[in-house]
Structure formats: C-alpha cells, structure tokens
Amino acid sequence: MPGKYFVVDTTKCTACRGCQVACKQWNKLPAEETKNWGSHQNPQDLSYNTYRLVRFNEYPAVVNSMVWYFFTDACRHCLYPPCKDEADRYVKDAIVIDDATGAIIYTDKTKGFGDKFDNVRRACPYDIPRQDAKTGVVSKCHMCLDRVSEGLLPACAKSCPTGALVFGDEEPMKKLAEARLAEAKKKFGDKAEIIDSDDVRVLYLVVDDKKKYAQSA
Amino acid sequence: MSIIQLLLGNIGQAGGGVNALRGESNVQGSTDQGLLFHILPGYLPTPAASMDTLTVYKEKTTPKTKDPMSANWWGNRPKYITSLLKAFFGEAATKDNDFGYSWLPKIDDGKPYSWLDIFDEMYNGKIKGFFSWGQNPACSGANSNKTRAALAKLDWLVNVNLFDNETGSFWKGPGVDPKKCKTEVFFLPCVASVEKEGSLSNSGRWMQWRYKAADGPGQCLPDGDIMAKLFEKVRALYAKDGGAFPEPIKGLRPELTKGGHFDPHAVAKLINGYFEADVTIGDKTYKKGTPVPAFAMLQADGSTSSGNWLYTQSYTDKNLSARRGKKDPTGLGLYPEWSWCWPVNRRILYNRASVDTYGRPLDDKKNILEWKDGKWVGDIPDGPWPPMSDTKAGKLPFIMRADGLGAIFGPGLADGPFPEHYEPLECPVEKNIMSGQRINPTAPVFKGEADAFASCDPRFPFVGTTYRVTEHWQTGLMTRWQPWLLECEPQMFVEMSEELAKLKGIKNGEMCVVSSARGKVDCVAIVTKRFKPFIIQGQLVHQVGFPWHYGWVHPKHGGDSANLLTPSTGDPNTRIPESKAFMVNVAKKGGK
C-alpha cells in the first residue's frame, strides 16, 4: 500500500537513544522524573509523554556469553488499524488515517473515549496508545506528520546515526527491508524476520524470537 | 596501539592511525596549543630553569644528526620558538632581549606540573589561588575527596562555567562546614561552545572552523573575552601603579586582548603567523605584515611570528579551516578540501612510510602517495624529498626523529627505554607474571593522608573501573541539567555480574555502597550478564563498573562522583590518572 514506511534494523541499533530524545524534543514533550531501576531502559514504559522508547533486554547466548537486544518501540502505523475500528465504536473519527502518508493520527477527540480507552488500548496488538490521566486525551507517535508534510524526515529517523531507523516511500523501504533481511539471515541465521511485514508501516528487522525484544512486539 | 601499528608496518598508511577516541572534541587542539605543562604550542618543550637563555634553550632542545639521510625536522626548532616568542610579544620581542624568552615561566628541571601534581600541591597548601576554566575538578579528577579538600586550602577560587557545579560549591558540599571554609569563590558565567566562534582540531588533526550558532544567555561571555578583560584590567593597573615583573604584561601582543575582547580571527591569523619584517626567500619578497604561507618560511631571526608553527598555512588570505569541499581524489576518505589539516594540509603523517624506496605504494589498494615522473602525487608528502632510492637527496620517512627511524626503543621516557607490563597500583594479584616488578617503580605515588591505597586487601576485594554513558558528558555538567537526558540516565549506578550479586546478596535495582581506600559512593545496582568474573592467576576475581557523570549539586537524587573512589596515581610519562583499574568493595546499603 503506498504511503510512507519506516525500516527499523535492530542489528544496527546501538541504543544511543537519539530517536527517543529527538522525539521528545520535536514534540516538546516533558521529561518524566525517573530513577534507575536496575536497567538502562528509562522511562520504564511508553506514556502519554513518551511516544518512543528504546527497550533494553539481555539474554544468555549460545556463542557469546550474552546478547543485548535494543528495540525502539512506537506505533507501527498499521495498514488497517484495529485501534481505529475499536475507537470508532465510541467516538467516530477520533482516530484518523492521513491519506498521503498512511500515518495513524490520534486527534483531541480521543478524550471522548473515557473509560473505554482500555478497550482501544487492548485493540492495539503492540500495546502502544497511552491516555493522559488528567485530560483523558490519548497520544502516540504521529509519524511526525507536521515534519513529513513539509518534506522533512521524522525527528527519530533524522537523529539516527547508524542507519538503524530509516524512513521513506513504500518501494525503497520495502527493498531496503528485504536487503537487510537477506544480510541478517546470512549473519545471524534463519530466525531473522521482518515482524508482521504485510500489516504495518514500521518494518522491524529482528534476528531472534520477537518477544525477546519487547513483550508486545 | 602505536607500537602495534609500528610493528605491523602501518604507520603512514591509510587507515593505519592510532585513532584515539578522545573524551572531548578538541583534545587534539588543546595539546597542539600547549595546554599540557611540559609543552608550549607546537610541541616545543617548556623551558626549564636551567635553560636560562634562548641560546641555551635552543642548544638543549634541538636534536642533531650527522646522517645525511635524516631530515631531522626538529632541527628547525630555533625558528619555531623564536616565531612563537614574536607571536606572544610582537614589537617588544627583540634580538637584544632574547625575544622575551626570559619572560616565559620556567619549570624546575625534572619536576612535573600535571593535574595530579597541582592538586597535591594545593592539598599541601602551596597554591593560593585557582582559575577553574570550563571544568569541574571536584568530580573529574581522580580521588575527589582529596581534590575537594585541596580546594578548601585555597584563598580564592574563580569558577568559570555554564552552571554552578561541585567545584564552585565545594564549600557547601557533603560533609563540609561552610563556616570553617576560608576560600573566597567567584563564579563567572561563560557561554557554551556553540555560542562562540572558533576552531576545533579533531584526532585526525583537522582544524575545523565553527560559526557561532546562537548568542549566550544574559551576561555570559566567551571565556576568551573573560581572559581578555581580566588581562586588560591587570595591564591597566600595571600602567597606573607599576608592579613586579612588568615586561611580559606590558609586552604581550596587543591584538590578543584588544579592547577586552577575544577576536578568534585575529588570534587564528597570529597562530598562522606574519612576516614581521620584509623577508626575501629565494626570488620572492614577502612584505611585513603579510601572512606566512607555510612553516618552511619561518625564521629564527625574529623576522616572522607564528603562534604555532604546525598551523602555519591554516589562515592566510583565507581561513582554510572553514572550507567544506567534498572532493576525495584518492577515494580513501582524505577529503583534502574539507577544513584544513596540520601540517600543510597533509592528511596522513609519515606518509612517505607508505611507499617503497622507489616511491611505489606498498599497498596498491591504499595509494595515498606515489612518486610519478619526478614528483609526488596524492596526499601532501611528508617532506619534498625524492624517494630513498635517490641516495643523495632521499630522506628517511620518520622525519621527526633525529635518526629518521621508527622505534620502540624509547630513551627519555620515565619507564623506558622498552615498553613493559606492570600491574595497577591497586590490583587483585600479588605478582606480576611478566616480571619480578609488580607496579611501575616510576609511577607517581603521593604521601599525604588522602592518598590511601589498598592492594590485595580483603577489605577491597573487587576490581573497580569507571566509564561513560552516551547520555552524559564528562562530569555531567552540561547534561545533568538536560531533563531529556537525565530522564534516560537519572542516577549513579554500579554494574556487576549475576555471580557477584548473588555472593553479596544484592538484587537488581537495590541501593548499594561502593567503597575504596579513599571514599564511598551510593549506587543503584544493575545486575547484568555483561559483567562476568575473571579467573586471574588461578583466582576468581569480580569486577564492578560505574560512570563518573554525577555530582551532588544536581539532580537531588543523582548521587555523587565515581572519582571519590579512584586513586591519584597514574602513568609516569603522561601522568594520566589510573582511574580505570583500582580496588573496591560493594555492599547493600544498610547491610553488612
């Protein structure tokens, strides 16, 4: 389906968190008061003020002593977003799809979800949307539509120094994902896959069981 | 690293550099321009007390050779020191007054004046005043408790920085009674690097000009302006009231501090250097006041100035360091028109070592330089001479060595002439398995109360090391105040293996105390598979690691500096502190 796509090659991610911070900077989102909880992953989870979070997970490995997986987690911009299907039952067009890019956009009307928000959140296969406790407004990544419609890259992709997070049109991004997948299979074995490649606009390349990267990957 | 590259024959090759990963973007620039105590700008040795005249200085510091194949480039030292003195003192530097040589500060022969030594002197009450320019010694130097105690011995301290820090506020720090602290502290707010114009030199020696991106806030000034204003004030007081040793104050070249303002272009031009008189070289006459085009034209008679001979050519009629050309004719990433590289835009030092004696590249795929039809093609050659097959005019490639050769035999080093392995001052093993000498016998070991050490001591059984995280820079002074970065890395932590955590009954995320013979720090435990115990000389040794980005001033629950634990000892030559290997204990906070 035409529109815009991301490629996230987790094998190239160094967890510098440029994407996480750039997202906050562009969207003027306040920092949360965090503490070190025995992990470098911080904040601990996505929130109303954290659209993008780099998740850190360590596992024992067969060859080396361990592997450390990094996963920059945010909305996948589904081609047929189940969150919208669910949300339209409560507030019509609180969630809209941008024609040009395919970005899934949450509008201020989302505050109308009230206690039905939990159903909307559960409808998301990736557990992304978060509600503001005070206003009831629901937020998540909006593909930097304000930047992209002016011909700029999303803030996260712009900040990525290693080429792990790339953004562009359907054809080149799908080609890139295929090429990276072939490379990853050679290097890391047949477990490598693009997660849900037919359903989403964010093509995550992982080289191990996707649940090892994020519970709701 | 340089020994390995030398043994592999990689010196002078594309990709054969040591490629030091520096802690600051301008470490190269700072050593080029004489930040360290033992060198003046351009790697000229700091004069020692025994070198009482310029003639003696030149005699003692200029290497000689009788080998016609050796270029012995340091044989030019008299030109560079004289030109440097002319850059410092201008019209006031004349042949009759040794170009102001006697005005330069002299070090006592053989005495080190490094960071470690300065703070030891301060700790012993021998230093009365201290300017702390853009740094945070109370957190950045090894053995912070000693550093903080040393600051309390000062009469005055000037803290030039962006934010309040642990250095400027040491008098109200943990365990300090402000009533008992006599030091008078002045805080001068300065602008950040992006709020002023100037150049940085990277590890590849590229001098890169940077424009000012934004004005600094409020009354903050560039540190150069602060220096210039202070100096102009001192100069005015000398003019009015007189004072001790007035010549260097009166004689300092006016454009360096003109109007109490630091002009980065004027200083960069002076670093490049000027003809100070009409000079004829070959068939060309250079007018007084015009820039010197290259360091080969610098003179020893006072007719040229140059603040740093290595940077001559960088800023003549144009500021070459501001270039942003993207051509890469060799295809090897030299980008000769991007910025400017010392010396004379030569991108790879010792590049004549990349060719055989006929000037043919030793590696076809890395052709950075080749002798073709009677001239060198490619990078700027490391000297104009033909290849060594020309036995009359050819020169050996290691032109900065008197013998023209690369060598691992290094007379003149404190612990030379051959490289040797020693254990750290604090270590978990009784013996050095490489030799009978466990620790470096020439390593600096200070004797004061604050310099406690504990090697193979059951109280401190674990190896400690310090490092950085991506989100914070140095002592965190510029990053701890950034909410988005602090959100990612909010607090001091200690990383340890699952095995050690089990041994000490520590759970992931629990608060711990890490201690050494010198201090202790609260840290959140990160129990990780990334740390594994070592087997060293048959014994199981655990290691813990922690970052040195935190300090008590901000944030409130951020913790304090890892350097409270580190020892004030170090390498005997560079005197770089040994903060990467020392001994500690770790225990659950409130536990045993």
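Below, chains carry the letters A, B, ... as their sequence lines are ordered, and counting in each starts from 1.
- Applying the 6.0 Å contact sphere to CD of B:Glu498 captures more than 12 heavy atoms from other residues, nucleotides or ligands.
- The CZ atom of A:Phe56 sits 11.5 Å away from the OG1 atom of B:Thr528 when rounded to the nearest 0.5 Å.
- Contact annotation: the side chain of A:Asn42 never approaches that of B:Glu489 to less than 4.5 Å [non-hydrogen atoms, C-beta and beyond].
- The neighbour count for B:Gln539 CD, taken as heavy atoms of other residues, nucleotides or ligands under 6.0 Å away, is above 12.
- Heavy-atom distances place both the backbone and the side chain of B:Lys529 under 4.5 Å from chain A.
- Residue A:Gln41: no heavy atom, backbone or side chain, is found under 4.5 Å from chain B.
- For the atom pair CG (B:Asn508) and CH2 (A:Trp37), the distance works out to 8.5 Å, reported to the nearest 0.5 Å.
- The distance from the CZ atom of B:Phe493 to the OG atom of A:Ser39 is 10.5 Å, given to the nearest 0.5 Å.
- With a 4.5 Å cut-off on non-hydrogen atoms, A:Pro60 touches chain B through its backbone and its side chain both.
- In the displayed structure, B:Ile535 atom CD1 is contacted under 6.0 Å by more than 12 heavy atoms of other residues, nucleotides or ligands.
- Interface summary for chain B: among A:Asn36, A:Leu29, A:Thr50, the most heavy-atom pairs under 4.5 angstrom belong to A:Asn36.
- Annotation: side chain of A:His40 is not in contact with side chain of B:Glu471 (no heavy-atom distance under 4.5 Å).
- Within the 4.5 angstrom heavy-atom criterion, no atom of B:Gln482 approaches chain A.
- Looking only at side-chain heavy atoms (C-beta outward), A:Lys35 and B:His557 stay at 4.5 Å or farther from each other.
- Contacts between B:Glu510 and chain A at a heavy-atom distance below 4.5 Å are absent for every atom of the residue.
- Summarising the local packing, NZ of B:Lys502 is surrounded by 12 or fewer heavy atoms from other residues, nucleotides or ligands at distances under 6.0 Å.
- Contact tally against chain A (heavy-atom pairs below 4.5 Å) for B:Arg530, B:Lys507, B:Glu487: the top residue is B:Glu487.
- Within the 4.5 Å cutoff, the side chain of B:Cys488 has heavy atoms near those of the A:Val21 side chain.
- Other residues, nucleotides and ligands contribute more than 12 heavy atoms inside 6.0 Å of the CD atom of B:Glu499.
- Residue-environment remark: NZ (A:Lys212) exceeds the threshold of 12 foreign heavy atoms within 6.0 Å.
- In terms of heavy-atom proximity, B:Pro483 sits nearest to A:Ala31 at O-CB, 3.3 Å.
- By the neighbour-count criterion of 12 heavy atoms within 6.0 Å, atom CZ of B:Arg323 is densely surrounded, having more than that number from other residues, nucleotides or ligands.
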